[in-house]
Amino acid sequence: MALTDDIAHIARVDGPKTQERGTVTTLRITLPDDLARDLAEAGLLEPQVIESVLRDRLRATRVADLGTIRAALTANPPEPMTNDEINAEIAAYRAEQRRAAGP
């Protein structure tokens, strides 16, 4: 189940800056009353808990995305680079690093 299926509406509200985390964004969500009550009784509406749940969900989504990318690469692998192509890429990278570093 997608996270957005659980949230009826999200609206961004600017939040204050904190020293520990930089800018903080405050979200307002609209939930059915019974769900909100059950979540509150279970302590699941505490900011730390919500942050943890969202971070876990984000991590799981990223892992799933990597699996999708891996499957696509396995199904249609890119052509291997030749040694000359690899050396040209290395030379281009080094030249860019020298330019960025300046004289």
Side-chain angles (χ1 to χ4, degrees):
M1 171 186 274
L3 183 61
T4 53
D5 293 342
D6 298 332
I7 300 174
H9 176 75
I10 299 178
R12 180 164 190 237
V13 181
D14 291 332
K17 287 190 176 190
T18 65
Q19 288 182 335
E20 307 89 44
R21 298 185 185 187
T23 302
V24 175
T25 299
T26 301
L27 298 178
R28 182 178 303 151
I29 61 172
T30 302
L31 299 169
D33 288 343
D34 60 334
L35 177 58
R37 185 174 39 259
D38 291 346
L39 292 170
E41 288 173 3
L44 297 174
L45 293 180
E46 295 298 318
Q48 312 88 296
V49 174
I50 293 171
E51 179 181 352
S52 177
V53 168
L54 292 176
R55 286 186 186 279
D56 287 347
R57 182 67 184 135
L58 179 59
R59 190 176 307 110
T61 299
R62 288 178 174 164
V63 168
D65 290 348
L66 286 175
T68 301
I69 292 167
R70 183 177 183 192
L73 287 172
T74 300
N76 188 17
E79 291 291 322
M81 294 176 74
T82 66
N83 283 338
D84 288 340
E85 290 171 325
I86 293 169
N87 288 332
E89 289 291 329
I90 292 170
Y93 172 79
R94 289 177 176 164
E96 178 60 32
Q97 293 300 305
R98 284 191 295 273
R99 275 193 298 278

Please lay out, stage by stage, how L73 and I69 fare under the test side chain to side chain contact (heavy atoms under 4.5 Å, CB included). CA-CA 6 Å; L73 287 172; I69 292 167; 4.1 Å; yes
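Of all heavy-atom pairs spanning A36 and L45, the tightest one is O-CD1, 3.6 Å.
Counting only heavy atoms from C-beta outward, the side chains of L44 and I50 never approach each other to under 4.5 Å.
Taking hydrophobic clusters as Ile, Leu, Val, Met, Phe, Trp and Tyr residues chained together by side-chain heavy-atom distances below 4.5 Å, V49 does not share a cluster with L58. A continuous path of ILVMFWY side-chain contacts below 4.5 Å connects L39 to L54, so both sit in one hydrophobic cluster.
The side-chain hydrogen bond (donor to acceptor under 3.5 Å, both in side chains) analysis of residues 59-77, with sequence neighbours excluded, yields the pairs D56-R59. The side-chain hydrogen bond (donor to acceptor under 3.5 Å, both in side chains) analysis of residues 41-50, with sequence neighbours excluded, yields no pairs. Counting only residues at least two apart or on different chains, no salt bridge (charged side-chain N to carboxylate O under 4.0 Å, His left out) pair has a member in residues 74-85.
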